[in-house]
Participant: 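Have a look at the structure that comes next, please.
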Amino acid sequence: MSTGQLWRLTAIEYGILVFASVALAVVASCTSIVSLFLSTIRLGRCDESWIYSGRVCEEWKPWPSSVGWLIYLLLSVSFALLPAVMVKFAPGASMSGIPELRSFFQGFDAFSTFKPMTLIVKLLGVGLIAASGLYLGLEAPLVHISAIATSILLSHLPISEAKRRDLILASASAGIAVAFSAPLGGVMFAVEAFTPSKDVIWKCFVCSMLAIITLRSIVAPSSSLGGLVLPETGLFRVHFDRIWQGVEIIPFACLGVMGGLYGALVPIIANRTIPYVEKRPLWAVTLVASVTALLCFLNPISRIPATDLVSALFAECKVEDESSLFCKDSRAGGLVYTFILSAVLAPISFTLPVPSGILFPAIVIGSLGGRIVGLVMQSVLERLPVVLSTSFCPDESQHCITPGVYAVVGAACFITGVTRLTISSVVLMMEMTGALTFVLPVMIGAIVAKWVNDICGDTCTIYSSWQSSKSIPALPDYSEIIPDFLATEIMIPIEKCLVIRNSPLEYRSLTNCRYQSVPVLDENDKYMDLVSAKTGNSEPTLVFNPQTSLILILNTISKIGLRVVVLCTDDVFVGLITRSDLVKFLESTKISKTVSTTISADDFEIDSE
């Protein structure tokens, strides 16, 4: 390929990333508007215009109390059931899509993950799910949508499979960025969840930045920068006048313990719920949506839209404005009710076959728990003797406790507990709130949550539960040192491999075979190339000696994202090792703690056995 062609191809690749990022921002803004409209009509109508929501309409009228609960219930169930029906036509659109992407970035092929129908169902379903009131988020579907769109655009470019994976990974980071208005958070999520190379991190940053600029030029403009209209930065921008006291490290650590324990319980609840959901998925969606709607309707706090609820929970209570929402412990009962309700229903909702995310529900649950702890601390301080309260508050004020700070710390703790991602959680909370003064409490809570989750002993996360339920292959996590096995002990020897002798006629006979990759040898069995059995293009791989340690091969495959490694002795082909071989071997030796690594032959790669 000439230099001019290379530059032209690079320009096209970046053009696709730019287009995908801008398109994702437009989709996110439209989804937000549609979900807000559908969510508010469950509670009433606006006489000014039906396009207004209840928060901006001056002539807002709720539905009559006699039928209000019924309208709320029917609309909530309808909004949840419709995406579940659509998923029947595109099974790859169910749940978050993150486990499929993680498997794809590890080198497995997941064809149903990037189908156009999956994109259509995801686009139509994500707004309805947000409006249904289920404790599910939008961030993971947005990541999946961006990845699918980029994959479709790249399908006609003459690029390698490794380059295609890198570009899809870069565009996927924009999903988190637009969901939380946090470009750095999107990059860090991609780094922790998908472990990209250094070159891809730069592309992730470009995609996240472009997506945020586009989003802020569409949604709620409030300031101008160089002619470009931008809103105020931060999804939940807060400003805390008070500083935190050293003794507050104890309740911050307690929030970390709560987040870690909850993160350990979520996959347990999900694993026990999945079998019942798989038997009758539509009935399960109807039941969970009905129970959620009825229980939420009983409590005014539970009916508040999730974004408004989190904003109120993060807000600081000033002395002159104690009548603000959640600023006195008189509402503690409603907060406890909503906290228990969301904590119980969220893991169950995660298992439903609808487009869903996990991060925002964790933020809601964590901010509720943090606000409750903050109100308890505030109440305890008010009842302490003057001597003790003065030592706790140097300014002799009983208002040195800020419940909003506890809500921010709690949100970070529960994100970490559920996803086991520490750096991403801290960066997301700092970008969303702008509370840089409290970065240390947030870090303390996130670290404690991760420690508690690790102490629980099981590395299973909610993503692992999804992976198990959908039979998604992935390289298992291993926590023990692998015994000193050699590559020869698990390789597929040349006698069992399907090979070609660089013959065009022989290659044409392979176009309909079920194998992913086929080695090309000369007449003396010397290795020449590894080609795709479907396209004939060269496949990325590395050549190892058969006496190489399995630990080295496993680390190489995991970090580089190879599907197959070739084993040769003095350039003579001896055998090969696929990812599937490693998965089966690690399972058989009981090293893996992954819930399931069953491989679906319809969607994923097939062993060359």
Participant: Work out which heavy atom in Val277 is nearest to a heavy atom in Pro353; give both atom names and the distance.
Facilitator: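 Reported closest heavy-atom pair: CG1-CD, 3.8 Å.
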Participant: Measuring from atom OG of Ser96 to atom CD of Glu139, what distance do you get when rounded to the nearest 0.5 angstrom?
Facilitator: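 If I round to the nearest 0.5 Å, the distance is 8.5 Å.
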Participant: Which atom pair, heavy atoms only, marks the closest approach of Ala147 to Leu101?
Facilitator: CB-CD2, 3.8 Å
Participant: Check the pair Phe360 / Tyr135 against ring pair (Phe, Tyr, Trp, His ring centres under 6.0 Å), numbers first and verdict last.
Facilitator: CA-CA 8 Å; Phe360 199 75; Tyr135 289 101; over 10 Å; no
Participant: Output yes when a side-chain donor or acceptor of Thr214 lies under 3.5 Å from a complementary backbone atom of Leu210, and no otherwise.
Facilitator: yes
Participant: Quick one: are Val364 and Val310 in side-chain contact, heavy atoms under 4.5 Å?
Facilitator: yes
Participant: Kindly give the heavy-atom pair with the smallest separation between Met429 and Val442, and that separation in Å.
Facilitator: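 The answer is CB-CG1, 4.5 Å.
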Participant: Would you mind reporting whether Val427 and Phe189 have side-chain heavy atoms less than 4.5 Å apart?
Facilitator: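 The answer is no; the side chains never approach within 4.5 Å.
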Participant: Between Phe339 and Phe414, how do the two ring planes meet: parallel, tilted or perpendicular, split at 30° and 60°?
Facilitator: perpendicular
Participant: Taking atom types as modelled and ignoring hydrogens, do the side chains of Thr351 and Thr273 form a donor-acceptor contact shorter than 3.5 angstrom?
Facilitator: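 Their side chains do not contain a donor-acceptor pair, so the 3.5 Å distance test is not met.
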Participant: Which heavy atom of Gly263 sits nearest a heavy atom of Pro267, and at what distance?
Facilitator: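 In this case the closest contact between Gly263 and Pro267 is O-CD, 3.0 Å.
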Participant: Looking at Thr292, Leu368, Leu309, which hits side chain to side chain contact (heavy atoms under 4.5 Å, CB included) with Ser342?
Facilitator: Leu368
Participant: Give a yes or no on this: more than 12 heavy atoms of other residues, nucleotides or ligands lie within 6.0 Å of atom OH of Tyr337.
Facilitator: yes
Participant: Tell me whether Leu265 at atom CG has more than 12 heavy atoms from other residues, nucleotides or ligands lying less than 6.0 Å away.
Facilitator: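 Enclosed.
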Participant: Does the side chain of Leu359 come within less than 4.5 Å of Phe180's, by heavy atoms?
Facilitator: yes
Participant: Does a side-chain heavy-atom distance below 4.5 Å link Met443 with Thr422?
Facilitator: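 When only atoms from C-beta onward are counted, Thr422 and Met443 do not touch, as no gap falls below 4.5 Å.
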Participant: Honestly, is Arg371 close enough over Tyr406, meaning NZ or CZ under 6.0 Å from the six-membered ring centre and within 45° of the axis?
Facilitator: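 Ring-cation test returns no.
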